[in-house]
S.K.: 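Quick one: the structure is below, questions incoming.
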Amino acid sequence: MAAFRELGLAPWLVEQARQMGLSRPTAVQAACIPPILQGRDCLGCAKTGSGKTAAFVLPVLQVLSEDPYGIFCLVLTPTRELAYQIAEQFRVLGKPLGLKDCVVVGGLDMVVQALELSRKPHVVIATPGRLADHLRSSNTFSLKKLKFLILDEADRLLEQGCADFTADLEVILEAVPARRQTLLFSATLTDTLNELKSLAMNKPFFWEAHPAFSLLSHLLTRYLLVPEAVKDAYLVHLIQTFQDEHEDWSIIIFTKTCKECQILNMMLRKFSFPSVALHSMMKQRQRFAALAKFKSSIFKILIATDVAARGLDIPTVQVVINHNTPGLPKIYIHRVGRTARAGRNGISITMVTQYDIHLVHAIEEEIKLKLQEFSVEEKLVLNILNHVNVTRRECEIELEYMDFDEKKEINKRKQMILEGKDPDLEEKRKAELAKIKKKNNKFREKVQQTLQERKQLQMKRKLQKKIERRNKLHPKEEK
Ligand SMILES: Nc1ncnc2c1ncn2[C@@H]1O[C@H](COP(=O)(O)OP(=O)(O)OP(=O)(O)O)[C@@H](O)[C@H]1O
């Protein structure tokens, strides 16, 4: 394969890449960098962990270095964590340029973001919802001179699901110039290919990894047939075994819902496993903190919903456990792709109940591979079954107590964000107001009390005087 410099990249960029440990281009980089440098739109479909990010970051930086201005490049991505990860690559590779970037994602202060945007950063990395909010509400920045529009995890951005980006994308596409270079990347592009082709205008270069290599060759894909009621005992057993057999280990467990994610995290902690949760019901700061703790190996287990299924690059992850069988093969591909990245080994174990067999068949058909059964010593699982189920029930009850308030609070926060308010600031303001109100009430009560006392005293005096007067008039009667 050609070296980076043979792809047309400048020596300073080749050196930056080398310092980051990228000495030879991966297939997707070798294929896509030259046409991007030639000014062509590009659709790149390559397996998870194959280096798609650098395939667009490197050529963008090269073109930017020739005529640097802001805002030069916009990268859209479906999740907030992914936005920060992409920004990090721009920052590291673009250091010699003095690159200015700006991350625009939900859950964080809009005013700070607006200020940063007005300073014309070279690159903006954003989730569509928050960027569209900025475009709707302010005119302090312009995307009209944009040279590159990049959609990372492009199929996810364009598909219509529970988090539908269509309306936000429309706003964004209105704000960017028609004459631009559009780059679209994902590990699973084919489903929405036609839509994607209409986005890329100037004869897009299309590159897809050979289908036979569409799933990582050094990834072991296993399944575990388990009845629903004993899933958690199997999970605890799997983690315990892994912990006992490996010194250096890290696992991502994917769950179907935020609630399941929360319960499993509480349960695993009761078994003293070092786990953290990541799901969309958490506050953004907690999400970042959880991910940072997992990345730095302080916590070895990340329990996450599909918010972490795409793009996250944590090279140390050796195992992915699917606590539920993904309903779509595409989701399976992204989830298991969190391990075995950049040539490393990894294993994925998917828990399958009797009701999920058809889902496994769909996955096998898509990845052109039969999942192998993962063997477990069932006696050992039986030994812990009762303990695990009781612990889980305890956690469910605990969560029921916490849940209502938490949900209410989150919904309130979401609403505030939609209204362009900062929930943390609002909370502070509310606390201050409550304090002042309490003080005022106390003062008012005191005033009332004093007035009452005075009134009583006046009445007493009046009465006293009345008695004295009567006594003077009828001294005998008094006797
Ligand atoms: N040329 C290269 N040589 C060695 N490592 C590389 C090279 N290019 C990228 N990598 C490394 O491979 C890992 C995966 O890269 P990246 O996150 O870009 O994958 P991806 O294709 O975007 O995956 P996903 O589809 O999961 O988002 C990163 O840790 C990155 O540093």
Side-chain angles (χ1 to χ4, degrees), residues 3-5 7-30 32-33 36-37 42 44 46 48-105 108 113 116-117 119-127 147-153 183 185 250 287-289 291-297 308 310-317 337-338 341-344:
F4 273 118
R5 97 191 104 71
L7 304 178
L9 290 175
W12 69 270
L13 254 180
V14 176
E15 177 52 24
Q16 275 308 105
R18 195 192 59 77
Q19 281 184 21
M20 246 190 89
L22 322 183
S23 42
R24 295 197 75 76
T26 61
V28 64
Q29 292 160 1
C32 297
I33 290 174
I36 297 174
L37 286 175
C42 176
T48 53
S50 62
K52 292 186 286 296
T53 319
F56 62 78
V57 172
L58 287 168
V60 165
L61 287 175
Q62 165 123 344
V63 184
L64 175 71
S65 71
E66 288 156 10
D67 179 19
Y69 65 85
I71 297 172
F72 180 83
C73 169
L74 169 64
V75 185
L76 296 175
T77 187
T79 70
R80 301 164 183 181
E81 286 76 10
L82 207 43
Y84 276 89
Q85 188 179 292
I86 294 168
E88 189 58 29
Q89 288 229 14
F90 268 108
R91 249 168 250 165
V92 176
L93 286 167
K95 204 170 170 206
L97 285 183
L99 183 91
K100 274 196 290 177
D101 71 273
C102 171
V103 179
V104 178
V105 296
L108 298 178
Q113 289 172 355
E116 275 185 49
L117 282 167
R119 290 187 195 121
K120 296 189 178 177
H122 300 116
V123 181
V124 174
I125 305 106
T127 47
K147 171 95 175 85
F148 281 101
L149 171 67
I150 300 167
L151 271 68
D152 188 38
E153 308 294 347
L183 316 179
F185 284 92
S250 87
R287 276 167 66 165
F288 284 143
L291 193 60
K293 282 177 199 160
F294 179 64
K295 274 187 170 176
S296 58
S297 293
R310 280 179 181 257
L312 286 189
D313 182 48
I314 306 163
T316 51
V317 176
R338 293 320 99 209
R341 297 178 70 76
R344 292 181 186 83

S.K.: For the side chain of Ser250 and the backbone of Thr316, is there at least one donor-acceptor N/O pair under 3.5 Å apart?
M.R.: yes
S.K.: Main chain of Lys100, side chain of His122: is a donor-acceptor contact present, judged purely on distance under 3.5 Å?
M.R.: yes
S.K.: Which value, rounded to the nearest 0.5 Å, describes the distance between Phe4 atom CZ and Ile33 atom CD1?
M.R.: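 Reported value, rounded in 0.5 Å steps: 5.5 Å.
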S.K.: Run the numbers on Arg91 and Glu88 for salt bridge (charged side-chain N to carboxylate O under 4.0 Å, His left out), then give the verdict.
M.R.: CA-CA 5 Å; Arg91 249 168 250 165; Glu88 189 58 29; 3.7 Å; yes
S.K.: Taking NZ, NE, NH1 and NH2 as the nitrogens, is one of them in Asp313 or Arg341 under 4.0 Å from a carboxylate oxygen of the other?
M.R.: yes
S.K.: Would you indicate whether the side-chain heavy atoms of Val75 and Cys73 approach each other to under 4.5 Å?
M.R.: yes
S.K.: Is the shortest side-chain N to carboxylate O distance from Arg18 to Glu15 below 4.0 Å?
M.R.: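 Looking at Glu15 together with Arg18, the answer is yes, because their closest N to O distance falls below 4.0 Å.
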S.K.: Using side-chain heavy atoms (C-beta onward) and a distance below 4.5 Å, is Val317 in contact with Phe294?
M.R.: yes
S.K.: Below 4.5 Å, heavy atoms only, C-beta onward: do Leu61 and Leu13 meet side chain to side chain?
M.R.: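 The answer is yes, as the side chains (C-beta and beyond) meet within the 4.5 Å cut-off.
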S.K.: How many angstroms lie between atom CG of Leu151 and atom OG1 of Thr77, to the nearest 0.5 angstrom?
M.R.: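 Those atoms lie 9.0 Å apart.
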S.K.: Could you walk me through whether Phe185 and Thr53 pass the side-chain contact (heavy atoms from CB on, under 4.5 Å) test, one step at a time?
M.R.: CA-CA 8 Å; Phe185 284 92; Thr53 319; over 6 Å; no
S.K.: Any side-chain heavy atom of Leu74 sitting closer than 4.5 Å to one from Ile150?
M.R.: no
S.K.: Phe148 and Phe56: aromatic ring centres closer than 6.0 Å?
M.R.: no
S.K.: Quick check against the 3.5 Å criterion: does Glu81 have a side-chain atom that pairs as donor or acceptor with the backbone of Phe288?
M.R.: no
S.K.: Taking C-beta and beyond as the side chain, do Leu291 and Ile314 meet within less than 4.5 Å on heavy atoms?
M.R.: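 Contact flag for Leu291/Ile314 side chains = yes.
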S.K.: Between Ile71 and Val123, does a side-chain contact (heavy atoms from CB on, under 4.5 Å) hold up when you go through it step by step?
M.R.: CA-CA 6 Å; Ile71 297 172; Val123 181; over 6 Å; no
S.K.: Taking the side chain as everything from C-beta on, heavy atoms only, tell me whether Lys295 gets closer than 4.5 Å to Gln85.
M.R.: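 Sidechains of Gln85 and Lys295: in contact.
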S.K.: Let me confirm one number: the NZ-CD distance from Lys95 to Gln16, rounded to the nearest 0.5 Å.
M.R.: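 Reported value, rounded in 0.5 Å steps: 8.0 Å.
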S.K.: Measuring from Glu153:CD to Thr79:OG1, what's the distance to the nearest 0.5 Å?
M.R.: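 The OG1 atom of Thr79 is 8.0 Å from CD of Glu153, to the nearest 0.5 Å.
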S.K.: Assess the residue pair Asp152 and Lys52 against the criterion (salt bridge (charged side-chain N to carboxylate O under 4.0 Å, His left out)); give the C-alpha distance rounded to whole Å, side-chain angles, the decisive distance to 0.1 Å, and a yes or no.
M.R.: CA-CA 9 Å; Asp152 188 38; Lys52 292 186 286 296; over 6 Å; no
S.K.: Which heavy-atom pair separates Leu7 from Ala30 by the least distance, and what is that distance?
M.R.: CD2-O, 3.7 Å
S.K.: I want to check something: taking the side chain as every heavy atom from C-beta on, are Phe90 and Val60 in contact at a cut-off of under 4.5 Å?
M.R.: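 They are in side-chain contact.
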S.K.: Mind checking the CD1-CG spacing from Ile36 to Leu58? Nearest 0.5 Å is all I need.
M.R.: 9.5 Å
S.K.: Would you mind reporting whether Leu149 and Leu183 have side-chain heavy atoms less than 4.5 Å apart?
M.R.: no
S.K.: Please check if the number of heavy atoms outside Arg5 that lie under 6.0 Å from its CZ is greater than 12.
M.R.: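 Result for CZ/Arg5: open.
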S.K.: Using 0.5 Å steps for rounding, measure from the CD atom of Gln29 to the CG atom of Leu22.
M.R.: 6.5 Å
S.K.: Using atom types as modelled and distance alone, determine if a side-chain donor or acceptor of Gln89 lies under 3.5 Å from a backbone N or O of Ile86.
M.R.: no
S.K.: So with a 6.0 Å cut-off around NZ of Lys147, is the heavy-atom count from everything else above 12?
M.R.: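 Counting neighbours around NZ of Lys147, more than 12 heavy atoms of other residues, nucleotides or ligands fall under 6.0 Å, so yes.
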